[in-house]
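See below for the structure under consideration.
Quantities reported herein were computed from a predicted structural model and do not represent experimental measurements.
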Amino acid sequence: MPELPEVEVLRRELEPLLRGKRIVRVEIRDPRCSFPKEAVEGKTVTGVRRLGKYLLFDLAEGGYLALHLGMTGKLLLAKENVPQKHERMDILLSSGEHLLFCDTRRLGKIAFLQEGKELSEKLGLDPLSPAYTLENVRALLEGRRRLKDFLLDQRGICGIGNIYASEILFRARLHPERALSSLSEAEKARLFVAVREVLEEAIEERGTTIRDFRRTLGEEGNFQHLLAVYGKSHCPSCGTPIVRKVIASRSTYFCPRCQPPEGKGETP
DNA sequence: AGTATAACCTGTCTGC
DNA sequence: TGCAGACAGGTTATAC
């Protein structure tokens with residue numbers, strides 16, 4: 001469920017709520033979520049960062065808790081210790097609040113890390129970081145891979161998932177199966193801009209709730225109402241029926257007219 | 001090198 | 001109503 005916008009929405013909501021609070025106790029409810037909890041108990045949260053789809057909770061005495069929400073992970077801040085469905089971890093804070101990690105499909109992951117190395121090594125350029133420049137993106141757009149595969153690969157640009165990949169490619173008017181090496185300079189620039197625009201708009205709308213995504217207090221996002229092609233039947237721009245095709249092993253939606261395949265298209 | 005598939009999981013929806 | 005199969009925002013390992 002959570003792609004960069006959803007994780008960023010959580011980060012922005014959690015940061016002011018958690019900063020300065022101490023982790024009193026951690027209760028692991030699912031062995032799959034186990035980590036050395038002694039490493040975080042008693043420590044104070046100094047900030048909440050995001051890298052790609054990871055949430056990072058910085059701790060005062062060094063190190064941080066890294067959380068990946070997988071497909072169905074949720075983070076809820078509750079005043080009372082009311083058991084939630086699929087609760088995997090309960091973090092009791094010095095304020096008496098509980099930060100609950102719930103995850104139906106159990107694909108989420110938690111780890112305590114000392115340095116940023118492990119994560120930044122396997123993650124590429126974050127679209128919201130200052131390093132996200134046309135120059136840097138252009139350097140990644142080489143090889144014969146298809147655009148869809150590139151966008152889903154967290155080692156190139158990180159944070160984009162299956163929904164936003166389709167939305168970004170529609171915005172950039174690029175066919176998902178176009179090869180990176182076939183892109184003109186103008187097309188590379190369109191892709192660069194589309195990534196930023198779509199993700200930022202989704203953040204403004206507080207993320208996309210199709211099924212599982214919930215904000216810190218349980219509210220839904222709003223961007224699902226603004227999706228252009230994902231799960232849609234007709235192109236909002238020209239009315240042509242939207243094509244659904246499995247690309248990179250995932251459902252991919254595009255407008256065959258606005259996003260022409262390689263060879264056709266581009267009228268400069 | 002690039003792509004596909006399965007695996008890890010649980011839940012929901014569709015069609016017979 | 002029951003049941004099989006497809007599908008779902010994630011990553012990773014393995015195979016062709």
Side-chain angles (χ1 to χ4, degrees), chain A residues 1-11 29-34 50-55 66-75 84-89 101-111 118-124 127 140-170 175-183 195 198-199 201-203 205-215 219-232 244-253 262:
Chain A
M1 134 202 112
E3 303 183 34
L4 186 150
E6 290 72 40
V7 179
E8 178 63 19
V9 166
L10 287 178
R11 190 200 70 74
R29 300 260 147 76
D30 180 349
R32 178 174 277 271
C33 290
S34 62
R50 179 194 56 74
L51 190 55
K53 300 172 191 172
Y54 287 84
L55 262 185
L67 184 67
H68 193 294
L69 299 167
M71 284 279 237
T72 54
K74 299 179 190 63
L75 268 183
Q84 297 288 313
K85 279 170 296 184
H86 312 296
E87 193 177 306
R88 310 300 179 197
M89 178 177 64
F101 175 56
C102 306
D103 184 15
T104 35
R105 287 179 67 180
R106 305 201 289 159
L107 296 173
K109 288 186 174 57
I110 307 173
E118 306 183 39
L119 275 184
S120 46
E121 271 172 17
K122 62 177 193 173
L123 296 179
L140 299 171
L141 298 176
E142 300 192 355
R144 259 150 299 169
R145 305 160 70 200
R146 302 167 302 188
L147 277 169
K148 174 76 187 293
D149 299 74
F150 168 75
L151 290 179
L152 291 183
D153 185 350
Q154 305 298 302
R155 296 169 302 183
I157 296 174
C158 63
I160 298 168
N162 201 44
I163 290 181
Y164 295 110
S166 283
E167 293 297 311
I168 287 165
L169 290 171
F170 174 75
H175 191 287
E177 293 178 297
R178 287 281 303 277
L180 296 182
S181 54
S182 78
L183 296 179
V195 167
V198 169
L199 297 179
E201 287 170 23
I203 292 168
E205 295 296 330
R206 303 298 173 198
T208 300
T209 299
I210 285 179
R211 185 181 266 111
D212 298 298
F213 174 62
R214 288 295 120 88
R215 294 165 59 188
E219 307 138 282
E220 300 187 350
N222 192 52
F223 198 70
Q224 64 275 15
H225 302 302
L226 299 171
L227 293 172
V229 290
Y230 187 87
K232 301 295 179 183
R244 173 188 175 277
K245 180 177 182 183
V246 175
I247 305 171
S249 307
R250 316 289 301 276
S251 287
T252 308
Y253 297 83
E262 217 154 324

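Counting only heavy atoms from C-beta on, A/Ser249 has its side chain closest to B/dA4 among C/dT11, B/dA4, C/dG10. Among the nucleotides C/dG10, B/dG11, C/dC7, the one closest to the side chain of A/Thr104 is B/dG11. Counting only heavy atoms from C-beta on, A/Arg146 has its side chain closest to B/dA4 among B/dA4, B/dT5, C/dT11. For A/Asp149, whose side chain is taken as the heavy atoms from C-beta onward, the closest listed nucleotide among C/dT11, B/dT3, C/dA8 is B/dT3.
In summary, the side chains of A/Arg144 and A/Ser181 do not present any donor paired with an acceptor at a separation below 3.5 Å, with no hydrogens or angles considered.
Taking atom CG of residue A/Leu123 and atom P of nucleotide C/dT11, one finds them 9 Å apart after rounding to whole Å. In this entry the distance linking CZ of A/Arg88 with P of B/dC8 reads 17 Å, nearest Å. Spacing between atom CG of A/Asp212 and atom C1' of B/dC13 amounts to 14 Å, rounded to whole angstrom units. Atom CD1 of A/Ile110 is separated from atom P of B/dC8 by 20 Å (rounded to the nearest Å). If you measure from atom CG of A/Leu107 to atom P of C/dA13, you get 15 Å, rounded to the nearest angstrom. Distance CG (A/Asp153) to C1' (B/dG2): 11 Å, rounded to an integer number of Å. Rounded to an integer number of Å, the gap from CD1 of A/Ile247 to C1' of B/dG2 is 15 Å. Atom CG in A/Leu75 sits about 15 Å away from atom C1' in C/dG10, given to the nearest Å.
Stem regions for DNA chain C, each three or more consecutive Watson-Crick or G-U pairs with both distances under 3.5 Å and listed by first number, read B:2-8 with C:10-16, B:10-16 with C:2-8.
OP1 and OP2 of B/dA4 both lie 4.0 Å or more from every side-chain N or O belonging to A/Arg250. Residue A/Arg106 has a polar side-chain atom (N or O) positioned under 4.0 Å from OP1 or OP2 of B/dT10. Phosphate proximity of C/dT12 to A/Lys122: present, with a side-chain N or O under 4.0 Å from OP1 or OP2. A sub-4.0 Å separation between OP1 or OP2 of C/dG10 and a side-chain N or O of A/Thr72 is absent. Side-chain N/O atoms of A/Lys85 include none lying less than 4.0 angstrom from OP1 or OP2 on B/dT10.
Counting only heavy atoms from C-beta outward, the side chains of A/Lys148 and A/Asn162 approach each other to under 4.5 Å.
If you take atom C1' in C/dC3 and the same atom in B/dC8, they sit 24 Å apart, rounded to whole Å. For the C1' atom pair drawn from C/dG10 and B/dA1, the interatomic distance equals 24 Å after rounding to whole Å. Between C/dT1 and B/dT10, the two C1' atoms lie 22 Å apart (nearest whole Å).
Of all heavy-atom pairs between A/Leu69 and A/Pro2, the closest is CB-CG, 3.3 Å.
A donor-acceptor contact shorter than 3.5 Å is absent between the side chain of A/Gln154 and the backbone of A/Gly52. A side-chain donor-acceptor contact under 3.5 Å links A/Glu262 to the backbone of A/Ala179.
Across all strands shown, A/Lys53 has heavy atoms under 4.0 Å from sugar-phosphate atoms exclusively, and none from any base. In this structure, A/Gly143 reaches the sugar-phosphate backbone alone: every heavy-atom distance under 4.0 Å involves primed, P, OP1 or OP2 atoms, never a base. Within the nucleic acid shown, A/Ser166 has no heavy atom closer than 4.0 Å to any nucleic acid atom.
Taking a cutoff of 4.0 Å between a charged side-chain nitrogen and a carboxylate oxygen, A/Arg206 and A/Glu219 do not qualify as a salt bridge. For the pair A/Arg215 and A/Glu220, the salt-bridge criterion is not met [side-chain N within less than 4.0 Å of a carboxylate O]. Ion pairing between A/Arg105 and A/Asp212 fails under the 4.0 Å rule for side-chain N and carboxylate O.
The aromatic rings of A/Phe223 and A/Tyr164 are tilted relative to each other, their planes meeting at an angle between 30° and 60°.
Nearest-nucleotide mapping onto DNA chain B: of A/Arg211 and A/Arg144, the residue sitting toward the 5' end is A/Arg144.
Residue side chain A/Arg145 does not reach the base of B/dA1 through any donor-acceptor N/O pair under 3.5 Å, judged by distance alone.
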